Amino acid sequence: MASDDELRIRDRLGKLGNLPLLRGVAVSGELKRLQKQLKRLEQEPAPAGDDIWLSVELARHQERPYTLDYVERLMDDWTELHGDRARADDPAIVAGIGRFHGRTVALIGHQKGRDVAERVHRNFGMAHPEGYRKAMRVMELADRFGFPVITLIDTPGAYPGLAAEQHGQGGMIARCQAQMARLRVPTAACVIGEGGSGGAVAFAIADRVYMQEHAIYSVISPEGCAQILWRDGAEARKAAAAMKPDARHCLELGVIDGIVDEPRGGAQLNWDEAAFSLGETLRRGLADVESLGPEERRAARRAKFRSMGVTA
Amino acid sequence: MAERIDVSIEHRGAPDQPAGKRHPNTCPACGSHYREDELRASAWVCRHCGHHFAMRARDRISWLADPGSFTEAALDVRSADPLNFFDLRAYTDRIAEAEMATGLGDAIVIGSAQVDARACELAVMDFSFIGGSMGSAVGEKFARACDAAAEKGVPLISIPSSGGARMQEGILSLMQMPKTVVAIEELHAAGSALITVITNPTTGGVVASLAMLGDITVAEPGSLMSFAGPRVVSNITKEKLPEDFGRAESNFRLGHLDAVLPRAELRPYLAKVLRLFHGQ
């Protein structure tokens, strides 16, 4: 297996070198990082069934830091913005502006709750279309003022409810992706827990996309996949092993740009340390693409997503 | 229910089917049964009750495009199995079976055509290929259709029909959402229009990407279009759903569609829109 993984990363390195849109500092930084990731892959075996399931459990751990826990540790002068200017304020998504390493940025993320009341209030991090509309409004603001955009992804999925559907859930997720593809400012995203399906990908069209070591990113929940393909939700472990939603596999498949280290045993054990690594990665990620012009940056972002997938 | 009519003399009723199964040529709404050539002649619309049967991608294209005008593209783009995915069966077996059963390379057919003598690109999905699910091959072909339309400066007519992302390609399926979205962004940047015709059913990741970004979006009568399907919504939320949940008529009422068009009106409508976007 290791040789397959190696080949994919080497292939990516090759493609990256040939991309005419990436030049100078940005590309050498990215190349170096990929080469480092490659070395790591050569040394460690790919995670299999049990390791993958451990990540599924850690990604959903109730003591894992959520978006606002990171905001508290990474941002100064945080100013949360509320409401979609049309209908409602969706508590499942937080959006705002603040200072990050001395400059104003916009930050948008899913927000889960910790106790029962807050979990219900935050709707378990499952957003309605109003939440995505709020996010789009803040992205637009950021683009107008030249603030880089950071997104933190942590959702089981977009909320599958009647009102959400009536208010255009699918269309809003599509437009949120389109909005991110249009931004002229530097953007960085990180999956900090569950990267569940369309609800997650709505925030993931960034110049740099990362996953924390024990985050998961998948097309459907392991339970949902098991229900459909095995006709038995209890086969979630098998489904997870088959879908490979762990950070390492996502990196090998070219879906993310890097993995953010977590404290030994998982982010839930040391929030400060987890926040420090996340902050460093996001800072570096934004710096990587800072030197490109807005058009060039946007074109490179689009080219990256345009090239994703494996066909025969 | 109105008394059903048997249009064909040869088939007084539906041939015997395994318990609970309906013959594909039997109308699910009124029970009328048709021969293949009868359905073809009526553009797969029930003459008795107006129900719109699903149309296969190639049938749709030969019905919509001017005769002989369609040139298929990207025939060589096929699904791979990057995850070595195995559930109760191997993904490669499912692909092989779908190819045999449908005669298609994957769940979408793309190419250039003329509709009412106007040049356009077509991207037509086929639900009978693994539920019209979107994996890397579907994403790549849709993106190429966008590229072609952008390059030639012609509109793209997209006709989705899909259960959503293809689980067997895992995260790479999910990435086909942004992939198709950025392709549409480039199409728009080049000044070409995207005209989308929603057909039954269109759900999941396809709704949350390529299906809902049309400059003009219309749907066939009765077609289901929702991000989460009705069963998922009622199972998870226990909400009681209105009878027309996610159907074209309710989506039109809620502001998600520009029109609900019976198949007979679709071709003239598209011809008109193509004229408007083409200028003169």
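Since we're looking at a predicted model, the values are computed, not measured. Within every chain, numbering begins at 1; the chains are lettered A, B, ... in the order of the sequence lines, protein sequences first and strands thereafter.
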TODO: Pick whichever of B/Gln176, B/Met175, B/Arg89, B/Gln168 has the most heavy-atom pairs under 4.5 Å with chain A.
DONE: B/Met175
- [ ] Check each atom of B/Ser79 against the heavy atoms of chain A and say whether the ones under 4.5 Å are side chain, backbone, both or neither.
- [x] backbone
Task: Ionic contact status for B/Glu220 with B/Arg60, cut-off 4.0 Å - done: yes
TODO: Check whether more than 12 heavy atoms from other residues, nucleotides or ligands sit under 6.0 Å from atom CD of B/Glu151, and answer yes or no.
DONE: no
- [ ] With sequence neighbours left out, write down each residue that passes ring-ring contact (aromatic ring centres under 6.0 Å, His included) with B/Phe142, or none if nothing qualifies.
- [x] none
Task: Exam field: side chain B/Asp126 to backbone B/Ala57, donor-acceptor pair closer than 3.5 Å - done: yes
Open item on the list: Looking only at heavy atoms and a cut-off of under 4.5 Å, which of B/Gly170, B/Ser234, B/Ala208 has the most pairs with chain A?
Closed with: B/Ala208
- [ ] With a 4.5 Å cut-off on heavy-atom pairs, point out which of B/Met212, B/Met177, B/Glu169 contacts chain A the most.
- [x] B/Met177
- [ ] Taking A/Asp246 for its side chain and A/Cys250 for its backbone only, find out whether a donor-acceptor pair lies under 3.5 Å.
- [x] no
Task: Test item: B/Ser209 side-chain N/O and B/Gly205 main-chain N/O as donor-acceptor pair under 3.5 Å - done: yes
Task: Any side-chain heavy-atom pair of B/Ser158 and B/Leu210 under 4.5 Å - done: yes
Task: salt_bridge(A/Lys304, A/Asp257) N-O dist < 4.0 Å - done: yes
Open item on the list: Does anything in residues 225-232 of chain A reach chain B? List residues with heavy atoms under 4.5 Å apart, or say none.
Closed with: A/Cys225, A/Ile228, A/Leu229, A/Trp230, A/Arg231
- [ ] Mind ranking A/Arg175, A/Met308, A/Arg302, A/Lys238 by heavy-atom pairs under 4.5 Å with chain B and telling me who comes out on top?
- [x] A/Arg302
TODO: Evaluate the criterion side-chain hydrogen bond (donor to acceptor under 3.5 Å, both in side chains) for residue pair A/Thr187 and A/Asp207; output intermediate values, then yes/no.
DONE: CA-CA 5 Å; A/Thr187 55; A/Asp207 297 317; 3.2 Å; yes
Task: Those residues of residues 162-173 of chain A, ordered by number, that approach chain B below 4.5 Å (heavy atom to heavy atom) - done: A/Leu162, A/Glu165, A/Gln166, A/His167, A/Gly168, A/Gln169, A/Gly170, A/Gly171, A/Ile173
Task: Under 3.5 Å donor-acceptor, B/Thr237 side chain and B/Val233 backbone - done: yes
Task: Closest-packed option against chain B by number of heavy-atom pairs under 4.5 Å, given A/Ala242, A/Pro245, A/Ala239, A/Ala241 - done: A/Ala242
TODO: Using side-chain contact (heavy atoms from CB on, under 4.5 Å) as the criterion, point out the one residue from B/Glu99, B/Glu140, B/Arg166 that pairs with B/Asp106.
DONE: B/Arg166
Open item on the list: Counting heavy-atom pairs under 4.5 Å with chain A, which one of B/Asp87, B/Val207, B/Val77 comes out on top?
Closed with: B/Asp87
When the side chains of residues 192-206 of chain A are checked against the rest of the protein, which donor-acceptor pairs come out under 3.5 Å, sequence neighbours left out?
| from | atom 1 | to | atom 2 | distance (Å) |
| --- | --- | --- | --- | --- |
| A/Glu194 | OE1 | A/Lys112 | NZ | 2.7 |
| A/Glu194 | OE2 | A/Arg60 | NE | 3.1 |
| A/Ser197 | OG | A/Val219 | O | 3.1 |

Open item on the list: Between A/Asp84 and A/Arg133, does any NZ, NE, NH1 or NH2 come within less than 4.0 Å of an OD or OE carboxylate oxygen?
Closed with: yes
Open item on the list: I'd like to know if A/Glu252 and A/Arg248 make a salt bridge, using a cut-off of under 4.0 Å between side-chain N and carboxylate O.
Closed with: yes
- [ ] Return the option, out of B/Ala143, B/Ala165, B/Ser173, with the maximum number of heavy-atom pairs under 4.5 Å with chain A.
- [x] B/Ala143
- [ ] Against chain A, work out which of B/Leu213, B/Ile236, B/Thr180, B/Thr217 has the most heavy-atom pairs shorter than 4.5 Å and name it.
- [x] B/Leu213
- [ ] Let me know if B/Phe245 has heavy atoms under 4.5 Å from chain A in its side chain, its backbone, both or neither.
- [x] side chain
TODO: Go through the atoms of B/Asp147 and report whether side chain, backbone, both or neither lie under 4.5 Å from a heavy atom of chain A.
DONE: side chain
Task: A/Met180 side chain reached by B/Val181 side chain, heavy atoms, under 4.5 Å - done: no
